[in-house]
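The structure presented is a predicted model; accordingly, all values stated were derived computationally and were not measured. Only this structure's heavy atoms are used, side chains among them; waters, hydrogens and symmetry mates stay out.
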Amino acid sequence: LEHAGVLGAVAGRRTSATVGLCLCGVLVLTAVKPISEITVDPSRVDREKNAYTEHVLHWLAQGVPDKALVLYGTSHMLPRWKYTDKLEFVTIPSDIVDWDTLSTWCETRGVDYAIIDTEMMSSRLTLLEKYFELEDGRLAMKDSPPGWVLCYAYDQMPAGFLVFEFMGRSAVDHPTAYRLDDQFALLGYALDPVELHPGQDVHLTLYWKALRAPSESYTVFTHLLDSSGQLRGQIDSQPFGGVYPTSSWPGGMVLADRYDIAVSPDALPGEYEVAVGMYELDTMERLKASENGRSLPDAQIMLQSPRVGD
C-alpha cells in the first residue's frame, strides 16, 4: 500500500505537470492574437477607417491660395489638425440661435467657408433646420441659405458633408452676365493661380445660378485653349463631379462649381482662354450661350485664363 501510494503521488505529479504544460500552451496561443494585433500600425488603421473624411478638407485646402477661415462645428468628424497650415477653424458660438445672427457673425469675423455635417446638424438642429434636414442619416438641403453658395458635396446628395462659400456682401472675382438658354446664368468666375507652368493645375470656379428648375442633367465643359485655339487641358463633367446633377437643382439656386484643370505638359508659353458651356450628353447638343441678349459663337463662353509661363 505504501508503495502504491508513492506511485500514485508520482503519477499525480506527472498529470499535474502535463495539465500545466497544456495550460501554458493555451495561454501562449491565446497571447499570439493580441501580440499580432499590436504589431499592426494603428495610424494606418485609423487612416484607412477615416479616409473619406480626408476628401473634404483636402479638396478645400487645395483650392485656397492663402489661409482661409472655416466655420465648422461643434463636430469632431474631420481631422482639422492636419490642415491648420491652410485652414483656420471657428465653431458656431453657443449663444447664436437664429440664422440672421449667424450670418452677421460670419460676415463680421470674415468667414470664408462653412462646413455642415450630420453631427453638426444634430447638435444645432434649431439653428440649422430652416435650410437643412436629415434624410436617412444624411444631410439634405431644403433651400439655399442667403449669402451661402454651395461649392462641394461629399459624396452624393443627400450628403455626408456640405461645404459653402460665404459670399456676404462681396461679389465674385470676375462678375459676368452670360446665359445658357433660359436655364442658367453664369454670375462670374474665379481663377487661381494667376500664372502657372505646364503640368500644373488651374483652379477654375464657375458661379452658376439656376434661372428655373432645369429639366435635364447637363454636362459642363471647360476647355483650356492656347492663343492658336489648340486644346491644352480639359474637363467635361456634370457639376460637382456628378454628385449634384443640374436636374436636381431648384430654381434660383446659386452654386460654386470648381474644376481643377491640368495644363498639358507640352503647353506653350502665352495667354490662354477657357471655353465654358453645357451640353446634353445623349445628343452632344450644347445649350445656346449669350451675353446681354447677344448669341455667342460655338455656344461657348470664353473666359480669360492665367498666363502659362516657361
Nearest 0.5 Å, please: how far is [atom2] in [Y] from [atom1] in [X]?
X	Y	atom1	atom2	result
R307	H197	CZ	NE2	10.5 Å
D192	L196	CG	CG	9.5 Å
T219	L281	OG1	CG	4.5 Å
I116	F161	CD1	CZ	11.5 Å
K86	L60	NZ	CG	9.5 Å

task = Would you check, one step at a time, whether the test side chain to side chain contact (heavy atoms under 4.5 Å, CB included) holds for L268 with R232?
result = CA-CA 9 Å; L268 300 175; R232 298 296 185 176; 4.1 Å; yes
Is the closest side-chain heavy-atom distance between [X] and [Y] below 4.5 Å?
X	Y	result
L191	V202	yes
D260	Q62	yes
L150	M253	yes
L139	L134	yes
Y83	E54	yes
I301	T176	no
H223	D236	yes
L102	L71	yes

Test your reading of the model: is there a side-chain donor-acceptor pair from [X] to the backbone of [Y], 3.5 Å cut-off?
X	Y	result
K142	K130	no
R138	P158	yes
T222	I235	yes
S248	Y244	no
T246	Y218	yes
T205	A256	no
D117	E119	yes

Just wondering, are more than 12 heavy atoms of other shown residues or ligands nearer than 6.0 Å to [atom1] in [X]?
X	atom1	value
K288	NZ	no
K209	NZ	no
H58	NE2	no
E195	CD	yes

Specify the closest pair of heavy atoms between [X] and [Y], including all atoms of both residues, with the distance to one decimal.
X	Y	answer
D298	R286	O-NH1, 2.7 Å
E165	C151	N-SG, 3.8 Å
F240	A153	CD2-N, 3.7 Å
G242	S237	N-OG, 4.1 Å
D112	A68	OD2-CA, 3.5 Å
L180	M278	CD1-CG, 3.6 Å

Side-chain ion pair, K67 and D85, N-O less than 4.0 Å =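 No salt bridge links K67 with D85.
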task = State whether E291 and R294 are salt-bridged, where the test is any N-O pair (Lys NZ or Arg NE/NH1/NH2 against Asp/Glu carboxylate O) under 4.0 Å.
result =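 Yes, this pair counts.
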Criterion side chain to side chain contact (heavy atoms under 4.5 Å, CB included) on M120 and I115, from CA distance to verdict = CA-CA 9 Å; M120 187 174 172; I115 302 175; over 6 Å; no
message = Using ring centroids (six-membered ring only for Trp), state whether F132 and F164 fall under 6.0 Å.
response =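 Yes, they do, as the ring centres are separated by less than 6.0 Å.
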ask   = Are W59 and Y154 near enough that their ring centres are under 6.0 Å apart?
value =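 That pair fails the under 6.0 Å test.
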Candidate list V70, V163, L78, test side-chain contact (heavy atoms from CB on, under 4.5 Å), partner L57, passing option =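 Answer to the side-chain contact (heavy atoms from CB on, under 4.5 Å) test with L57 among V70, V163, L78: L78.
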Going only through I, L, V, M, F, W and Y residues with side-chain contacts under 4.5 Å, is there a path from [X] to [Y]?
X	Y	value
M302	F221	no
I92	V97	no
L231	V263	no
L211	L296	no
V274	L225	no

inquiry  = With side-chain hydrogen bond (donor to acceptor under 3.5 Å, both in side chains) as the criterion, how do Q304 and Y189 come out once you've worked through the C-alpha distance, each side chain's angles and the decisive distance to 0.1 Å?
reply    = CA-CA 10 Å; Q304 191 64 40; Y189 66 99; over 6 Å; no
query = Distance only, no hydrogens: is a donor on one side chain within 3.5 Å (strictly under) of an acceptor on the other, for Q300 and Y279?
reply =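 Judged by distance alone, the side chains do not pair up.
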ask   = Relative to the ring of W148, is the ring of F166 parallel (under 30°), tilted (30 to 60°) or perpendicular (over 60°)?
value =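 Ring orientation, 0 to 90° scale: perpendicular.
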task = Quick one: do V220 and Y259 satisfy side chain to side chain contact (heavy atoms under 4.5 Å, CB included)? Show the steps, please.
result = CA-CA 10 Å; V220 177; Y259 295 84; 3.2 Å; yes
message = Show, in sequence, the C-alpha distance, side-chain angles and deciding distance for Y72 and T91, and conclude whether the side chain to side chain contact (heavy atoms under 4.5 Å, CB included) test is met.
response = CA-CA 5 Å; Y72 178 64; T91 59; over 6 Å; no
